[in-house]
> 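I have a structure I would like to understand better, so I am pasting it below and will then ask my questions one at a time.
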Amino acid sequence: MKLSKSYQPHKHEPVIYSLWESHNAFRPARKGRPYSLVMPPVNANGNLHMGHALTFSIQDIVARYQRSQGKSVLFIPGADHAGFETQVVFERELAKAGKSRFDYSREELYKNIFNFVDQNRTNLHTQIRRLGASVDWTCYTFSLDPTVVRQAYATFHSMWRQGLIYRGERLVNFCTYHGTAFADIEVVHKEEQGKLWHISYPLTEGKGSVVVATTRPETMLGDTAVAVNPLDKRYQKLIGKTLRLPLTNREIPIIADSYIDPDYGTGAVKITPAHDPNDFNIGERHDLPKVTVIGFDGRLVHDVPEPFKGLTVEEGREAIINTLSDNGYLAGSEDLVHSVGHCYKCGTVIEPLLMEQWFIDMKPLAKQAIAAIRAGEIEFIPEAKQEQLMNYLENIRDWNISRQIAWGIPIPAFVNENDPGDWIYDERVDQEVIEINNNTYRRDPDVFDTWFSSSSWPYVTLGFPDSDYYQRFYPLELMESGFDILYQWIGRMIMLGLFVTKHVPFKRVYLHGMITDEHGRKMSKSVGNVINPMEVIDTYGSDALRIGIISGQTPGNNQSYVSAKVIGGRNFCNKLWNIARFVQDKAGSDQLVELSLADHWILNRYDMVVRSYCKLMDSYRFSEAYEEIYHFIWDDIADWYIEASKVCLNSGLVKQLLEAILILAHPFAPFVTETIWQNLALVPDSLLSGRQLVDLPKGNKQSAANFNTIIGLINLVRSMLVATGTKDVRLTYSNSSLLKEHASLIKQLTGVSSVTLGSGEGGVEIAYSKHKVWLDIGHDREAAYKQQLDNQIQQEARRVMQLETRLKNSQYVKRAPADLVEQSHAQLVASRQNLRQLKDEKQRLAH
RNA sequence: GGGGCUAUAGCUCAGUUGGCUAGAGCGCAGCAUUCACAUUGCUGAGGCCCAUGGUUCGAGUCCAUGUAGCCCCACCA
């Protein structure tokens with residue numbers, strides 16, 4: 001089919017993706033070394049955003065490149081139920097309908113969310129296809145698939161048996177709006193302006209009081225002690241005495257603990273073990289009771305004094321301060337900035353609340369991970385991320401994996417109704433109650449933290465433990481992800497991978513940064529700077545988006561989304577398209593004729609470019625690899641080789657070159673390259689996808705160098721014409737077979753009116769290499785030409801001087817590598833010669 | 001308090017064992033124009049590579065200190 005004048009992506013993209021799918025193009029090849037990677041499962045609750053476009057582009061570039069290297073590539077797609085995240089999204093949907101999660105039973109809610117997610121997944125799959133991701137859909141995995149759930153249970157069970165799982169009453173990070181606890185790393189800390197209140201607690205016996213300092217006066221109702229530093233002289237004699245807790249009249253002891261900093265606040269600290277992590281620890285050390293005053297609804301609980309019952313934390317704080325002040329207990333206040341934990345979704349202040357939860361003892365797991373990383377079993381790109389992860393692993397904290405939400409994998413644990421300490425592992429989670437040995441056991445209503453199941457992704461998607469794919473493709477060659485989930489996901493995958501499979505789950509981690517807007521600001525709905533990748537594809541095409549997002553991209557750094565780069569990508573696709581159009585027009589016999597200088601030159605370039613391209617791709621430097629082929633295709637092929645082909649065509653070679661560059665460009669622009677491949681039927685009945693890089697005949701170096709001479713001459717004449725502002729110039733050259741052979745090319749590409757053999761009567765002689773060339777630019781233009789010459793002479797003279805001083809430096813000659821010194825010599829000789837020619841030229845001009 | 005990153009042309013960014021006469025894309029200026037492509041071609045102007053010191057024959061690149069910005073972890077009564 002004849003190609004249209006410009007490339008129109010939307011006409012071809014869907015067709016091309018279907019073509020790939022119908023030919024099973026993304027199934028791993030039977031032969032070839034395995035190369036495996038897994039898509040980070042996409043959250044099945046919304047649309048793809050720019051981050052997805054980036055991550056899938058990088059992964060797909062790798063996958064397609066590896067196929068072109070003859071590897072057997074497995075690239076697995078997947079989706080995550082994204083427990084809490086999805087429930088939040090769903091609740092927003094409910095809110096639109098004027099409902100809330102409390103209107104449904106747990107089972108109903110689960111079912112509704114399941115349907116919602118199911119619809120979403122179909123939509124997401126379409127979007128993943130639009131991005132061109134060359135994934136093997138037959139391996140698609142969803143995180144609620146039985147295989148994934150089974151693995152989560154197996155891991156949990158084996159950790160349980162090995163004593164790595166424990167259940168305990170701890171202070172957990174609780175969001176009172178969402179009604180669930182979070183892991184420590186999920187809490188977002190923000191600096192906030194607050195007040196440090198000084199409250200006076202009277203001694204029970206005798207006069208006097210102790211003034212404590214607190215940012216959270218409302219928790220005083222749950223105080224069970226006041227602590228001071230044992231070395232603090234001010235309080236030493238009070239240790240062991242008791243205080244009367246204002247507003248409650250409860251009697252609490254004064255205890256000594258070295259945790260207390262005597263220089264901070266008043267040096268006396270109220271201790272609320274049920275509402276502050278540090279107080280909890282102190283409480284454990286001193287065996288203090290834990291009095292809960294804030295409930296899971298974020299309100300003061302019923303057994304607090306009457307006026308405060310049921311108040312929110314903030315209301316309670318105000319009421320208590322007022323009451324304390326009215327009764328003379330308030331001793332003052334000072335402003336301070338402190339950091340406060342918030343729910344990362346809704347921003348509600350996280351309350352530390354006492355709760356029984358399942359925890360994983362992480363230290364033994366982290367230890368293994370640290371050892372494996374130290375042993376160099378995983379390569380980090382960029383390297384600095386390894387240090388960051390190590391730092392995290394070395395300071396790891398236990399992981400709370402219980403979530404109080406409906407949407408997730410139920411925790412397979414049951415408790416004896418008559419013995420709260422008797423917990424058993426059982427997978428019959430579809431039943432609320434089970435009977436064992438005449439005992440009734442009740443199911444834990446909680447579900448797993450989503451990251452617990454997704455941390456098994458690398459092997460669960462491969463069919464661990466006994467599938468062929470697991471044998472062949474594990475560990476993964478590459479895990480590509482965003483650096484924002486380095487701890488939450490990458491770190492945990494390494495730890496669980498080692499625990500479950502005894503191997504690191506992947507050999508290499510590539511971490512990309514976040515996509516920001518053009519000014520480096522985070523994309524957010526409230527700022528209104530969010531760009532939808534699907535709309536970009538609608539406008540410019542999938543390849544254009546991919547190129548735009550990948551060019552200038554480096555691992556580990558944030559990057560701005562710049563639409564100009566996408567337009568650049570679109571233009572590049574069109575360039576490819578038009579090269580193909582040229583080839584299509586000129587298609588004739590495919591026989592290779594004798595190679596011209598231009599042929600030698602382009603073959604020589606191809607060889608160099610392929611080497612460099614592979615080297616860059618093999619070291620995951622995509623942006624540079626793209627730049628390499630971009631310039632080869634645009635500058636070398638289009639601007640020189642095609643132009644030369646218009647004068648002297650080698651139709652067989654031009655076609656071979658087109659094939660070769662389509663393969664090179666395919667990882668970056670899969671759609672347009674495959675479209676061209678299909679339309680030109682370059683190799684009938686075949687797909688470009690999966691095709692290996694081709695070897696072309698080697699170009700002769702001398703011939704290539706000679707063509708470079710022609711290029712140089714053309715460039716020189718062009719710049720001269722522009723500098724002197726002349727047109728209708730005739731070019732003459734002295735006897736030279738090289739110039740004679742390329743006379744029409746020179747004429748065409750410089751725009752001179754004629755190129756003839758002669759001795760240049762009436763023209764200026766320009767210095768170029770060993771060839772004599774004259775241009776009759778006319779006397780009136782000679783001044784401009786002289787000016788240009790002067791500039792060149794000045795520049796070259798500077799260069800000569802530089803090289804001379806370098807070579808006069810005995811230390812340089814002695815210590816620099818010999819080939820470098822040699823090179824400097826050669827450069828100096830060339831520069832001197834050039835300078836002499838330029839001066840001669842100026843001399844002649846003067847006459 | 002601990003860990004990490006960033007600073008290069010007007011803008012967005014490349015620049016991996018130190019050899020740079022520092023690059024790209026966009027933007028800007030000038031010129032061109034049916035015949036693969038205006039999603040074009042040609043020519044050009046733009047830079048004390050944050051600062052200071054050090055190592056070296058040689059530093060954008062390595063080291064130290066500082067300045068400015070950013071991210072993460074911990075703590076903050």
Side-chain angles (χ1 to χ4, degrees), chain A residues 3 5-7 184-185 189 191 196 212-216 227 259-261 264-272 276-279 336-340 382-385 387-392 394-395 397 483-484 486-487 513-514 518-520 540 544 548 551-554 556-565 567-586 619 621 623-624 627 630-631 638-639 642-643 646 715 718-723 725 727 749-751 795 798-799 802-803 806 809-817 820-821 823-824 827 831:
Chain A
L3 298 183
K5 203 168 178 190
S6 64
Y7 174 56
D184 292 330
I185 52 174
H189 292 274
E191 296 276 287
L196 191 58
V212 299
T214 179
T215 52
R216 302 207 54 191
Y259 169 79
I260 307 303
D261 176 3
Y264 192 93
T266 63
V269 183
K270 61 190 264 325
I271 302 299
T272 325
D276 181 281
N278 292 312
D279 292 6
L336 93 166
V337 174
H338 61 152
S339 110
V340 180
E383 275 177 60
K385 296 294 166 192
E387 280 319 298
Q388 247 173 279
L389 184 59
M390 283 298 241
N391 185 254
Y392 169 73
E394 278 159 6
N395 299 294
R397 306 172 66 161
F483 67 48
D484 55 329
L486 179 60
Y487 307 145
M514 304 296 105
E518 307 211 18
H519 308 288
Y540 300 110
S551 51
Q553 186 269 350
T554 42
N557 288 324
N558 285 351
Q559 59 189 305
S560 320
Y561 172 85
V562 179
S563 58
K565 288 201 287 188
I567 293 172
R570 192 258 328 243
N571 295 354
F572 176 69
C573 292
N574 194 55
K575 190 50 107 173
L576 272 172
W577 185 258
N578 276 288
I579 291 171
R581 257 163 56 86
F582 176 83
V583 175
Q584 191 177 40
D585 285 353
K586 305 286 189 231
S619 43
R621 293 157 67 174
S623 163
E624 288 169 80
E627 217 171 296
Y630 170 89
H631 288 292
D639 289 348
I642 298 268
E643 290 307 322
K646 288 175 185 171
N715 282 337
R718 277 172 173 171
S719 69
M720 243 189 92
L721 294 182
V722 171
K727 283 181 199 171
L749 293 190
T750 56
Q795 211 180 333
R798 210 178 305 135
R799 178 71 181 146
Q802 252 173 18
L803 287 163
R806 184 179 301 172
N809 181 342
S810 60
Q811 294 297 311
Y812 172 71
V813 178
K814 203 156 59 179
R815 304 207 178 169
L820 192 73
V821 177
Q823 193 187 319
S824 299
Q827 283 169 344
S831 276

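All figures in this text were calculated on a predicted structure; none of them were measured in a lab. Chain letters run A, B, ... following the sequence lines, proteins first, then strands; residues in each count from 1.
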> Glycosidic conformation of B:G15, syn or anti, with 90° from 0 as the boundary?
anti
> Return whichever of A:Ala564 or A:Glu518 has its heavy-atom-nearest nucleotide of RNA chain B closer to the 5' end.
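The residue whose closest nucleotide sits nearer the 5' end is A:Glu518.
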> For B:A45, give its Watson-Crick or G-U wobble partner with both distances under 3.5 Å, or none.
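Checking every strand shown, B:A45 finds no partner, since no pair has both distances under 3.5 Å.
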> State which of B:A36, B:G4, B:A14 makes the closest approach to the side chain of A:Asp585.
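Closest nucleotide to the A:Asp585 side chain: B:A36.
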> Under 3.5 Å, is there a donor-acceptor pair between the A:Ser551 and A:Tyr630 side chains?
no
> Would you measure the distance from the P atom in B:G23 across to the matching atom in B:A45 and give it in whole Å?
12 Å
> Searching all strands shown, indicate the nucleotide that pairs with B:G66 (Watson-Crick or G-U wobble; both distances under 3.5 Å).
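By the stated definition (distances under 3.5 Å), B:C50 pairs with B:G66.
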> Taking any strand in view, what nucleotide pairs with B:G60 in a Watson-Crick or G-U wobble way, both distances under 3.5 Å?
none
> Look through every strand shown and name the nucleotide pairing with B:G27 as Watson-Crick or G-U wobble, where both distances are under 3.5 Å.
none
> Counting only Watson-Crick or G-U wobble pairs whose two distances fall under 3.5 Å, which nucleotide matches B:U16?
none
> If you measure from the P atom in B:G47 to the same atom in B:U6, how many Å do you get, rounded?
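The same atom, P, in both gives a distance of 26 Å.
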> Would you kindly say whether A:Asn809 and A:Arg806 are connected by a side-chain donor-acceptor distance under 3.5 Å?
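Per modelled atom types, A:Asn809 and A:Arg806 side chains form no pair under 3.5 Å.
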> Is A:Lys5 side chain donor-acceptor paired with the B:C37 base, going by distance under 3.5 Å alone?
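No, no donor-acceptor pair under 3.5 Å.
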> Taking the six-membered ring for Trp, are A:Tyr392 and A:Tyr487 parallel (under 30°), tilted (30 to 60°) or perpendicular (over 60°)?
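Parallel: the ring planes of A:Tyr392 and A:Tyr487 meet at under 30°.
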> Rounded to the nearest 0.5 Å, how far apart are NZ of A:Lys565 and OH of A:Tyr540?
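Between atom NZ of A:Lys565 and atom OH of A:Tyr540 there are 14.5 Å.
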> For B:C63 versus B:C26, give the span between their P atoms, rounded off to a whole number of Å.
35 Å
> Distance criterion of 3.5 Å, no angle test: do you see the side chain of A:Glu624 paired donor-to-acceptor with the base of B:A24?
no
> Taking the P atom in each of B:G53 and B:G69, what is the distance between them to the nearest angstrom?
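Approximately 24 Å lies between the P atom of B:G53 and that of B:G69.
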> Applying the Watson-Crick and G-U wobble criteria at under 3.5 Å, what pairs with B:G1? Answer none if nothing qualifies.
B:C73
> Looking at B:G41, I'd like to know if its phosphate oxygens (OP1 or OP2) sit under 4.0 Å from a side-chain N or O belonging to A:Lys575.
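For B:G41, OP1/OP2 do have a side-chain N/O of A:Lys575 under 4.0 Å.
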> Taking for each residue the nucleotide of RNA chain B with the nearest heavy atom, is it A:Gln795 or A:Asn558 whose nucleotide lies nearer the 5' end?
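Comparing both residues, the 5'-ward one is A:Asn558.
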> Which pair of heavy atoms, one from A:Thr214 and one from A:Lys270, lies closest together, and at what distance?
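Of all heavy-atom pairs spanning A:Thr214 and A:Lys270, the closest is CB-CD, 3.5 Å.
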> Counting Watson-Crick and G-U wobble pairs only, both distances under 3.5 Å, name the nucleotide matched with B:A36, or none.
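Across any shown strand, B:A36 pairs with none.
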> Heavy atoms under 4.0 Å, any strand shown: does A:Thr215 hit a base, just sugar-phosphate, or nothing?
sugar-phosphate
